[in-house]
There are 2 protein chains.
Amino acid sequence: MHKEITIYDIAARLNISAATVSRALKDHPRVSKATKKLVAKTSDEMGYRSNSFASNLRKKQSSIIGVIVPRLNSNFMADVLAGIEKVANSNNYNLFISQSLESTKKEASNAQAMLNNRVDGLLVSVAYDTTNFDHFESFIRRNIPVIFFDRVFEHESCPQIYIDNYKAAHDITDHLIKQGSKRIVHIGGNQLRNVYAERLQGYKRALEENNLLFDENLVIISDLTSKAGSDAAYKILKMSPLPDGLFVANDICAIGCMQVLKKEGINIPSDIAVAGFNNDPTATVIEPALTTVNYKGYEMGEVAAKLMINHLVDKDDFQETHSLILRSELIIRESSLRNNLQK
Amino acid sequence: MHKEITIYDIAARLNISAATVSRALKDHPRVSKATKKLVAKTSDEMGYRSNSFASNLRKKQSSIIGVIVPRLNSNFMADVLAGIEKVANSNNYNLFISQSLESTKKEASNAQAMLNNRVDGLLVSVAYDTTNFDHFESFIRRNIPVIFFDRVFEHESCPQIYIDNYKAAHDITDHLIKQGSKRIVHIGGNQLRNVYAERLQGYKRALEENNLLFDENLVIISDLTSKAGSDAAYKILKMSPLPDGLFVANDICAIGCMQVLKKEGINIPSDIAVAGFNNDPTATVIEPALTTVNYKGYEMGEVAAKLMINHLVDKDDFQETHSLILRSELIIRESSLRNNLQK
DNA sequence: GTGAAAGCGCTAACAT
DNA sequence: ATGTTAGCGCTTTCAC
């Protein structure tokens with residue numbers, strides 16, 4: 001069996017103290033160049049690897065960032081994680097990643113695990129039904145930074161990173177109206193979550209500005225799955241008169257809906273102009289290609305990780321950066337384009 | 001500032017020893033029920049959280065599983081990770097996750113980081129261009145289990161988990177032939193990787209069995225991105241005579257290719273029957289829907305994590321389970337269906 | 001520029 | 001059923 005080499009073994013071999021080895025390994029300024037070189041060489045030869053537990057225990061910090069997301073297998077979240085990993089990795093931070101599977105209970109137990117594992121900071125996008133902050137209180141009490149992204153939770157000590165869902169939803173609805181839609185259905189998500197609530201508000205605001213009446217019968221709240229989209233399609237088909245516009249709070253659901261509408265002989269965009277949200281890869285595959293809001297997950301991940309690491313390293317205060325709003329953009333495609341005038 | 005509570009604080013409060021507190025917390029059999037209850041209550045009241053570093057340092061094990069994948073933001077990998085997380089989480093293992101971004105160099109440095117962080121085991125799907133095992137040797141030397149999944153590396157001490165790419169590719173090619181295709185183009189990936197090499201072999205074998213000549217001009221090797229698919233489409237359009245079948249080693253690339261072919265007036269499936277691989281969500285959105293091989297990422301993740309944890313817990317030998325081959329299935333859709341006979 | 005020594009918080013062997 | 005003790009491997013203060 002392989003015997004693990006410690007700094008004491010290196011020290012013994014070189015007839016110096018473990019303290020010096022430790023310093024040399026960390027490139028401490030007050031160690032001679034010669035010693036450093038020698039230590040580096042010897043530790044290589046002996047197959048030394050540092051023990052992060054001992055070091056973390058001693059230093060009382062872990063260089064681990066915890067990440068809790070609703071689900072790992074969503075296109076958007078995968079992008080976010082890729083962005084986070086990129087930044088964390090290049091700053092020598094490790095990532096603990098777990099998923100809440102949209103359950104507050106699991107979110108809480110994951111948070112507890114992160115706490116026990118002494119993460120230096122926590123990045124969270126909250127579950128569908130999370131309505132209280134209890135499971136994060138213990139982080140705040142210990143001054144462990146918690147940053148929310150995308151699906152955020154309002155708390156004075158926690159910065160938030162998101163896009164302007166209100167404005168994006170407003171703009172996309174406005175676009176549908178400019179294309180001649182007057183009765184626009186909105187398929188939205190759980191109104192507890194900022195992202196979905198704001199999309200509904202943006203939709204309302206656009207109607208208002210264009211002197212269209214808000215009709216709550218035109219709003220369908222769902223879990224925004226593809227299945228929810230096809231279910232919604234059947235509801236829409238029964239509406240009379242038939243709506244002439246559709247704004248769905250995510251692309252997956254929009255596409256599920258479009259597939260049924262198409263099958264039932266509805267022409268998109270001439271009968272119903274459709275818009276989604278997220279710019280999912282499928283949005284360019286469906287025919288007609290789906291108008292949507294481009295939502296940069298990768299960038300959001302990078303920004304979240306950078307903000308966290310800056311805070312961890314500089315201990316600069318969060319006060320100044322309470323909210324970080326990322327740019328999003330309207331991408332107009334055939335599913336909503338009724339004429340060339342507005343292009 | 002918050003003072004962290006240790007087992008000594010609890011012990012002092014209760015006038016018992018730290019060892020008993022430690023045992024009580026771990027639900028050790030030889031601690032009285034009463035003591036356990038008391039300890040649990042007190043530790044709760046005092047806001048105790050265990051220090052995993054101290055524990056890991058002492059126990060010389062981490063309950064951390066390292067995962068290295070080519071990229072986090074791919075549909076398939078996200079599914080795999082979700083499966084891994086599910087199993088790890090419910091067995092109280094934490095996950096260190098990093099991405100190689102298809103670079104052997106980064107894969108190696110990530111592996112080194114995992115090693116230093118004392119992961120108990122490593123789950124790997126190798127990068128595009130990895131051709132040697134050097135960066136994993138140090139794990140083997142230390143008896144830290146390394147399990148490969150999907151994109152595997154042949155090594156006597158490392159179990160592998162994958163699907164039978166050879167058979168799946170054979171079956172799907174055979175299906176195209178049965179649908180009347182005689183000149184079938186194959187768009188494949190890097191032949192260093194088992195998954196892509198075997199898909200090409202399966203394709204070849206199916207041709208052979210059906211007395212069709214293998215023509216290497218019909219094989220296009222690429223990185224299997226959507227862009228590679230559209231590039232390949234233009235190559236295909238220049239072939240004369242035009243091929244009448246197309247088997248692409250992944251759906252994303254297949255769809256990129258189909259989109260161009262369609263735009264250029266090729267009818268799918270009547271001019272060219274098309275099949276992909278992976279059963280990506282987009283495969284049901286493209287028109288015609290794409291025939292493909294269903295490839296269960298989530299399941300693969302679960303299996304990999306279970307195998308790892310069983311090994312970690314029971315220390316059962318890997319010898320017995322060198323390779324684990326998961327079921328995959330052919331999903332026939334309109335992109336390859338020329339008549340109803342073969343359905 | 002280097003060394004001695006203490007201690008981070010926990011676990012487990014041994015003792016009772 | 002509980003206590004005593006040593007030690008996991010590192011960092012860091014203090015000393016020289």
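This structure is a prediction, so every number in the text was calculated from the model and none was measured. Lettering follows sequence order; numbering is per chain, from 1.
Atom NE2 in A:H28 sits roughly 10 Å away from atom C1' in D:dT12 (whole-Å rounding). Taking atom CG of A:L14 as the reference point, atom C1' of C:dG3 lies 15 Å away to the nearest angstrom. Rounding to whole angstrom units, CD1 of residue B:I10 and C1' of D:dG3 are separated by 17 Å. In this structure, the CD atom of A:Q61 is 16 Å from the P atom of D:dC10, given to the nearest Å.
Each ring-ring contact (aromatic ring centres under 6.0 Å, His included) pair with one or both residues in residues 86-113 of chain A, not counting sequence neighbours, appears once here: A:F96-B:F96. Residue pairs meeting the salt bridge (charged side-chain N to carboxylate O under 4.0 Å, His left out) criterion with at least one partner in residues 47-73 of chain B, sequence neighbours excluded, are B:E4-B:R49.
Using cut-offs of 30° and 60° for the angle between ring planes, the B:F153 and B:F133 rings count as tilted.
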Quick one: side chains of residues 19-29 of chain B, donor-acceptor pairs under 3.5 Å with protein atoms, not counting sequence neighbours, listed by atom name and distance.
residue	atom	partner	partner atom	Å
B:T20	OG1	B:S17	OG	3.2
B:D27	OD1	B:K36	NZ	3.1

One character per nucleotide, please: for nucleotides 9-16 of chain C, 5' to 3', B when the base has a protein heavy atom closer than 4.0 Å, S when only the sugar-phosphate does, - otherwise.
BBBBBB--
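Shown here for B:S62 and B:R118, the closest heavy-atom pair between the two residues is OG-O, 2.7 Å. What you find for B:T42 and B:R13 is that their closest heavy atoms are CG2-CG, 3.9 Å.
From one end of the helix from C:dG1-D:dC16 to C:dT16-D:dA1 to the other, with five pairs defining each end axis, the axis direction shifts by 30° (rounded to 10°).
Side-chain N or O atoms of A:Y128 include one that pairs as donor or acceptor with a backbone N or O of A:N190 at under 3.5 Å.
Applying the salt bridge (charged side-chain N to carboxylate O under 4.0 Å, His left out) test to B:E137 and every residue at least two apart in sequence or in another chain returns nothing.
Close to C:dG3, at under 4.0 Å from its OP1 or OP2, lies a side-chain N or O of A:T20.
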